[in-house]
Protein chains: 2
Amino acid sequence: MNTSKSVDRGKVVGQGSLGEFEQMVLLAVLHLEDDAYGAAIQREIDERAGRRRTISAIYVTLVRLQDKGLVESRLADPTPVRGGKAKRFFTVTPVGVVALEDSRQAMDRMWEGLESSTRRAD
Amino acid sequence: MNTSKSVDRGKVVGQGSLGEFEQMVLLAVLHLEDDAYGAAIQREIDERAGRRRTISAIYVTLVRLQDKGLVESRLADPTPVRGGKAKRFFTVTPVGVVALEDSRQAMDRMWEGLESSTRRAD
DNA sequence: ACGTATTATTGACAATGTAATAAATAAAGG
DNA sequence: CCTTTATTTATTACATTGTCAATAATACGT
């Protein structure tokens with residue numbers, strides 16, 4: 001039965017738990033400012049974090065992020081270079097920025113005091 | 001009805017991408033040193049990151065982390081206080097520490113340059 | 001012995017991670 | 001022209017992680 005309609009959990013903004021990859025995509029978009037589209041985001045994540053992901057991984061995540069209102073997108077001006085569908089550019093919404101900062105802060109607190117003591121003598 | 005050949009998808013260490021919660025659990029265990037058992041880990045995450053999770057969420061993650069060799073565990077000395085099963089204490093393995101540092105480093109690079117500019121004027 | 005408090009374990013399902021594959025679109029080349 | 005090829009977005013499918021509810025174990029108090 002699912003007659004409920006309140007239960008806003010799992011709907012709007014997953015209550016503050018962004019996945020690691022979602023965070024990376026969000027951060028890449030922020031870095032790219034006005035040039036955040038699929039391929040560029042992929043490259044950014046590869047260069048910065050050293051994580052090579054397929055382009056589809058990027059897009060799927062982007063779609064989900066948009067569904068949750070953490071990013072917005074618009075189609076590019078009709079000036080394609082060589083072919084391909086019109087580029088879709090993304091921007092992080094204020095809500096997205098907050099979610100990002102929240103995740104960062106939570107992790108910072110978890111790391112607090114361990115910064116340089118993550119060594120074990122075995 | 002089950003043509004699958006016993007499914008041996010038991011990978012060694014999932015390519016090195018820890019989930020955010022897995023990281024928190026790992027970090028909590030590190031903080032707790034010699035007192036890292038279920039309830040304590042739960043409390044640690046709640047107090048530090050402000051994330052209140054059910055005890056089962058903790059355990060399930062712990063089990064998976066152990067399957068991947070990122071933590072080890074042993075049962076406590078038979079000196080329970082009030083009742084309950086013997087406590088199971090966890091420690092992070094060297095591999096776990098490395099995975100943790102890797103994740104941290106990747107995120108740090110993604111944040112690099114945005115630390116205090118996550119504000120948008122729109 | 002029985003109920004209760006304390007801890008661990010299992011089962012089920014939602015959310016996120018990731019890749020293979022498809023679709024769209026326009027320049028290039030014969 | 002029309003077929004090929006390059007560029008980019010979108011969809012489908014399945015694996016891994018996140019999360020909680022329910023259950024099992026175990027020892028203390030009465």
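Side chains are part of it too, since the values below use all heavy atoms of this structure and drop only hydrogens, waters and symmetry mates. Quick note on labels: first sequence line is chain A, next is B, and so on, each numbered from 1.
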*Quick one: B:Phe21 CZ to D:dT19 C1', roughly how many Å, whole number?*
8 Å
*Interatomic distance, B:Gln66 CD vs D:dT17 P [rounded to whole Å]*: 15 Å
*NA contact type, B:Ile55, heavy-atom cut-off 4.0 Å: base, sugar-phosphate, or nothing?*
nothing
*Any idea which heavy atoms bring B:Thr91 and B:Val29 closest together, and the distance?*
CA-CG1, 3.9 Å
_Nearest to side-chain heavy atoms of B:Glu22, which nucleotide of D:dT8, C:dT18, D:dT17_ = D:dT17
_A:Asp46: which residues meet the side chain to side chain contact (heavy atoms under 4.5 Å, CB included) condition with it, sequence neighbours left out?_
A:Arg52
*Once you round it to whole Å, what is the distance between C1' of C:dT21 and CD1 of A:Ile58?*
17 Å
*Starting at CG of B:Leu62 and ending at C1' of D:dG18, how long is that distance when rounded to a whole Å?*
14 Å
_Whether B:Asp102 and A:Arg51 form a salt bridge (side-chain N of Lys/Arg under 4.0 Å from carboxylate O of Asp/Glu) is what I want to check._
yes
*Could you state the CD-P distance from A:Gln23 to C:dA15, rounded to the nearest angstrom?*
18 Å
*C:dT16 phosphate, OP1 or OP2: any side-chain N/O from A:Lys68 under 4.0 angstrom?*
yes
*Any side-chain N or O of B:Ser56 under 4.0 Å from OP1/OP2 of C:dG11?*
no
_Set of side chain to side chain contact (heavy atoms under 4.5 Å, CB included) partners for B:Glu44, sequence neighbours left out_ = B:Ala28, B:His31, B:Leu32, B:Arg48
*Rounded interatomic separation in angstrom, taking CG from A:Asp67 and P from C:dA14*: 17 Å
*Under the 3.5 Å rule, do the base of D:dG18 and the side chain of B:Arg51 count as making a donor-acceptor pair?*
no
*Mind calculating the distance between CD1 (B:Ile41) and C1' (D:dG18) to the nearest angstrom?*
16 Å
*Mapping B:Ala39 and B:Val60 to their closest nucleotides on DNA chain C, which lands nearer the 5' end?*
B:Ala39
_Taking side chain to side chain contact (heavy atoms under 4.5 Å, CB included) as the criterion, tell me which of B:Val92, B:Leu70, B:Thr93 meets it with B:Leu65._
B:Leu70
*asked:* Please tell me if B:Arg53 has a side-chain N or O lying less than 4.0 Å from either OP1 or OP2 of D:dT19.
replied: yes
*asked:* With a 4.0 Å limit, can you tell me whether A:Thr61 has a side-chain N or O closer than that to the phosphate oxygens OP1/OP2 of C:dA15?
replied: no
*Mind calculating the distance between CZ (B:Arg74) and P (C:dT7) to the nearest angstrom?*
17 Å
_Which nucleotide wins on minimum distance to the side chain of A:Arg88, given the candidates D:dA10, D:dT19, C:dT18?_
D:dA10
*Determine: side-chain N/O of B:Arg52 to OP1/OP2 of D:dT19, distance under 4.0 Å, yes or no.*
no
*From the options D:dA13, D:dT8, D:dC20, select the nucleotide whose nearest atom is closest to the side chain of A:Tyr37.*
D:dT8
